[in-house]
Amino acid sequence: MSSSSAVSLYLDPQIRDWVLFPITLVMILVGVLRHYVVVLLQATPKKLSRAAIREQRALTRCQILRATSANSPIPPSFYKAISQNLSEALKAGTYLKDGPPKADAPPTTPNPLSDPAAMDGMMAGMKTQMVMMVPQMVIMGWINFFFQGFVLIKLPFPLTLGFKSMLQRGIETPDMDVRWVSSLSWYFLNFFGLNGLYRLILGGDNSADSSRDMTVSPFASMGTAQPGQPQDFTKLYKAERDNLEFAEGLYSWVGQDVDMKVLRKYGKLPPNSKQ
C-alpha cells in the first residue's frame with residue numbers, strides 16, 4: 001500500500017484477495033453455521049397432557065365466542081346459554097388441569113424456577129446467547145491479531161467527518177479521507193449489514209443475525225415470560241369471565257329481522273316499511 005502527499009491511496013490487490021474477501025466470507029459462513037447450531041440446540045417441544053390442553057383450549061373457546069359477539073351467527077338463546085355455561089365453568093375451575101381449587105387452600109403463584117419446562121426455556125436462551133457471543137469474540141480477535149491497521153476498501157459515496165471514527169477504527173490518521181475503511185470497521189459493517197443476505201439465504205426467521213441479539217442480556221429471558229413459563233390460569237379465567245360478561249352486552253344476532261331485510265333488498269317492501 002502506498003500513498004501520495006495529498007489524499008490518494010493505492011491498495012495492493014492482495015489486500016482485497018487475502019484480507020477483504022476472507023473476512024467477509026468467514027463472517028457469512030459463521031452466520032450460517034450459527035443459524036444451524038441454534039436450530040440444533042432448540043429443544044423439542046414436550047407433549048402436553050390432555051388436561052393441560054383442555055385448560056388452554058377453554059380460554060380459546062371463550063375468546064372465539066367473544067370475537068363473534070357482534071353480528072354473531074349464534075341465536076340469542078344459544079349464545080347466552082353457551083356464555084353462561086363457560087362463565088360458570090371458569091368460576092368453578094372445571095377446566096383447570098389440577099381440578100377445582102379447594103376452598104381452604106391458599107392462592108399460589110406458579111414458580112418458573114420449579115417448573116422443568118420453564119428451566120429448559122431459560123437454558124435454551126442462554127445457549128443461544130453463547131452461540132452468538134463466542135464466534136464473534138473469536139472473529140474479532142482473529143482480525144485484531146492478523147489484520148490490525150489494514151485499510152481494505154474505499155466507499156464510493158461521500159461522507160461527513162462524523163463517520164471517521166466509525167469507519168477507521170484502529171488507524172490513527174486524522175488526514176485520511178473518511179471514505180477509507182479499516183479492517184476492524186469492515187468487521188462491524190458486516191456484523192450489522194449482513195442480515196439482508198441471511199434473509200435471502202436462510203429465510204426471514206433465521207438465527208444468523210447476531211446484531212439482533214447484541215442488546216439482549218444472556219439472563220434477560222429469566223425475567224420475562226417465555227413460552228414454557230407456567231401461567232396462572234386461575235387469574236386468566238377470572239379475567240375471561242369479566243370479558244364474557246362484557247361481550248354479552250355487545251351481542252347482536254346477524255339473523256335479526258333477516259326476513260324483512262331480504263324482502264326490502266329485492267323490492268318486495270317499501271324502503272321505509274316497518275312491517
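Predicted model only: the values in this text are computed from it and were never measured. We count residues from 1, following the sequence as given.
- Ser183 approaches Gly149 most closely through the heavy-atom pair OG-N, 4.3 Å.
- Cluster partners of Leu29 are Leu25, counting Ile, Leu, Val, Met, Phe, Trp and Tyr whose side-chain heavy atoms approach within less than 4.5 Å, directly or via other members.
- A donor-acceptor pair is defined here as one N or O able to donate and one able to accept, closer than 3.5 Å; such a pair exists between the side chain of Ser185 and the backbone of Met166.
- Every residue was checked against the side-chain hydrogen bond (donor to acceptor under 3.5 Å, both in side chains) condition with Tyr237, not counting sequence neighbours, and none meets it.
- Open room surrounds NZ on Lys238; 12 or fewer heavy atoms of other groups in view lie less than 6.0 Å from it.
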Show me the donor-acceptor pairs, under 3.5 Å and distance only, between side chains in residues 57-71 and residues at least two apart or in other chains.
{"unit_1": "Thr60", "atom_1": "OG1", "unit_2": "Gln56", "atom_2": "O", "d": "3.4"}
{"unit_1": "Arg66", "atom_1": "NE", "unit_2": "Glu240", "atom_2": "OE2", "d": "2.5"}
{"unit_1": "Arg66", "atom_1": "NH2", "unit_2": "Glu240", "atom_2": "OE2", "d": "3.2"}
{"unit_1": "Thr68", "atom_1": "OG1", "unit_2": "Ile64", "atom_2": "O", "d": "3.1"}
{"unit_1": "Thr68", "atom_1": "OG1", "unit_2": "Leu65", "atom_2": "O", "d": "3.2"}
{"unit_1": "Ser69", "atom_1": "OG", "unit_2": "Arg66", "atom_2": "O", "d": "2.9"}

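- Nearest heavy-atom pair, Asp17 versus Pro22, reported as atom, atom and distance to 0.1 Å: O-CD, 3.4 Å.
- Hydrophobic cluster membership is shared by Ile143 and Phe145, with clusters built from Ile, Leu, Val, Met, Phe, Trp and Tyr side chains linked at under 4.5 angstrom.
- Between Gln84 and Lys80, the closest side-chain pair of non-hydrogen atoms falls below 4.5 Å.
- Ser87 meets the side-chain hydrogen bond (donor to acceptor under 3.5 Å, both in side chains) test with no other residue; sequence neighbours excluded.
- Taking the side-chain hydrogen bond (donor to acceptor under 3.5 Å, both in side chains) definition, one finds that Ser72 meets it with nothing, sequence neighbours left out.
- For Glu245, the side-chain hydrogen bond (donor to acceptor under 3.5 Å, both in side chains) criterion is met by no residue, not counting sequence neighbours.
- If you chain together hydrophobic residues whose side chains sit under 4.5 Å apart, Phe191 and Leu155 fall into the same group.
- No continuous path of ILVMFWY side-chain contacts below 4.5 Å connects Val138 to Tyr187, so the two sit in separate hydrophobic clusters.
- At a threshold of 4.5 Å between non-hydrogen side-chain atoms, the residues Arg34 and Tyr198 do not count as touching.
- Here Leu200 sits alone; no ILVMFWY side chain lies under 4.5 Å from its own, so it joins no hydrophobic cluster.
- Asn195 places none of its side-chain heavy atoms less than 4.5 Å from the side chain of Leu197.
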Working for side chain to side chain contact (heavy atoms under 4.5 Å, CB included), residues Tyr95 and Leu86
CA-CA 10 Å; Tyr95 297 119; Leu86 287 174; 4.0 Å; yes
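- Through chains of ILVMFWY side-chain contacts below 4.5 Å, Phe246 is grouped with Leu250.
- Taken from CZ in Arg54 to NZ in Lys97, the straight-line distance is 13.5 Å, to the nearest 0.5 Å.
- Under the 4.5 Å side-chain heavy-atom criterion for Ile, Leu, Val, Met, Phe, Trp and Tyr, Val26 and Phe146 are members of the same hydrophobic cluster.
- Using a 4.5 Å heavy-atom threshold, the side chains of Val181 and Leu152 count as separate.
- Minimum heavy-atom separation, Arg179 to Pro158: CD-CA, 3.9 Å.
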Steps toward side chain to side chain contact (heavy atoms under 4.5 Å, CB included) verdict (Leu194, Met27)
CA-CA 9 Å; Leu194 287 176; Met27 294 197 67; 4.1 Å; yes
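- We find the NZ-CD1 distance between Lys47 and Ile53 to be 10.0 Å, quoted to the nearest 0.5 Å.
- Taking the six-membered ring for Trp and thresholds of 30 and 60 degrees, Phe188 and Phe192 have nearly parallel ring planes, at less than 30 degrees apart.
- The CE atom of Met176 lies 10.5 Å from the NZ atom of Lys154; values are rounded to the nearest 0.5 Å.
- Asn190 contributes atom CG, which lies 7.0 Å from atom CD1 of Ile28 (distance to the nearest 0.5 angstrom).
- Under the rule for a ring pair (Phe, Tyr, Trp, His ring centres under 6.0 Å), the partners of Tyr251 that lie at least two apart in sequence or sit in another chain are Tyr79.
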Just do the side chain to side chain contact (heavy atoms under 4.5 Å, CB included) check on Trp180 and Leu167 with the steps written out, would you?
CA-CA 7 Å; Trp180 290 103; Leu167 296 179; over 6 Å; no
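- Separating the CD1 atom in Ile23 from the CZ atom in Phe147 is a distance of 5.5 Å, to the nearest 0.5 Å.
- In this structure, Leu90 CG and Leu244 CG are separated by 6.5 Å, a value rounded to the nearest 0.5 Å.
- Between Arg16 and Pro13 the shortest side-chain heavy-atom distance falls below 4.5 Å.
- Side-chain polar atoms of Thr24 and Trp186 form a donor-acceptor pair below 3.5 angstrom.
- Here the side chains of Ser182 and Ile171 are in contact, with some heavy-atom distance below 4.5 Å.
- Put simply, Ile153 and Phe157 are part of the same group of oily side chains (I, L, V, M, F, W, Y) that touch within less than 4.5 Å, one to the next.
- For the residue pair Trp253 and Ile74, the shortest heavy atom distance occurs at CD1-O, 3.3 Å.
- Counting only distance, with no hydrogens or angles, the side chain of Asn206 and the backbone of Gly203 share a donor-acceptor pair below 3.5 Å.
- Side-chain contact check for Met140 versus Leu184: some heavy-atom pair is nearer than 4.5 Å.
- Among residue pairs with one or both ends in residues 137-146, none qualify as side-chain hydrogen bond (donor to acceptor under 3.5 Å, both in side chains); sequence neighbours excluded.
- The list of side-chain hydrogen bond (donor to acceptor under 3.5 Å, both in side chains) pairs with a residue in residues 158-171, not counting sequence neighbours, reads Lys164-Gln168.
- The ring-ring contact (aromatic ring centres under 6.0 Å, His included) contacts involving residues 14-39 comprise nothing, where partners must be two or more places apart or lie in separate chains.
- At a threshold of 4.5 Å between non-hydrogen side-chain atoms, the residues Leu41 and Met130 do not count as touching.
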Given the rule in the side chain to side chain contact (heavy atoms under 4.5 Å, CB included) test, do Val37 and Val39 qualify, once you have shown the distances and angles that lead to the verdict?
CA-CA 5 Å; Val37 170; Val39 171; over 6 Å; no
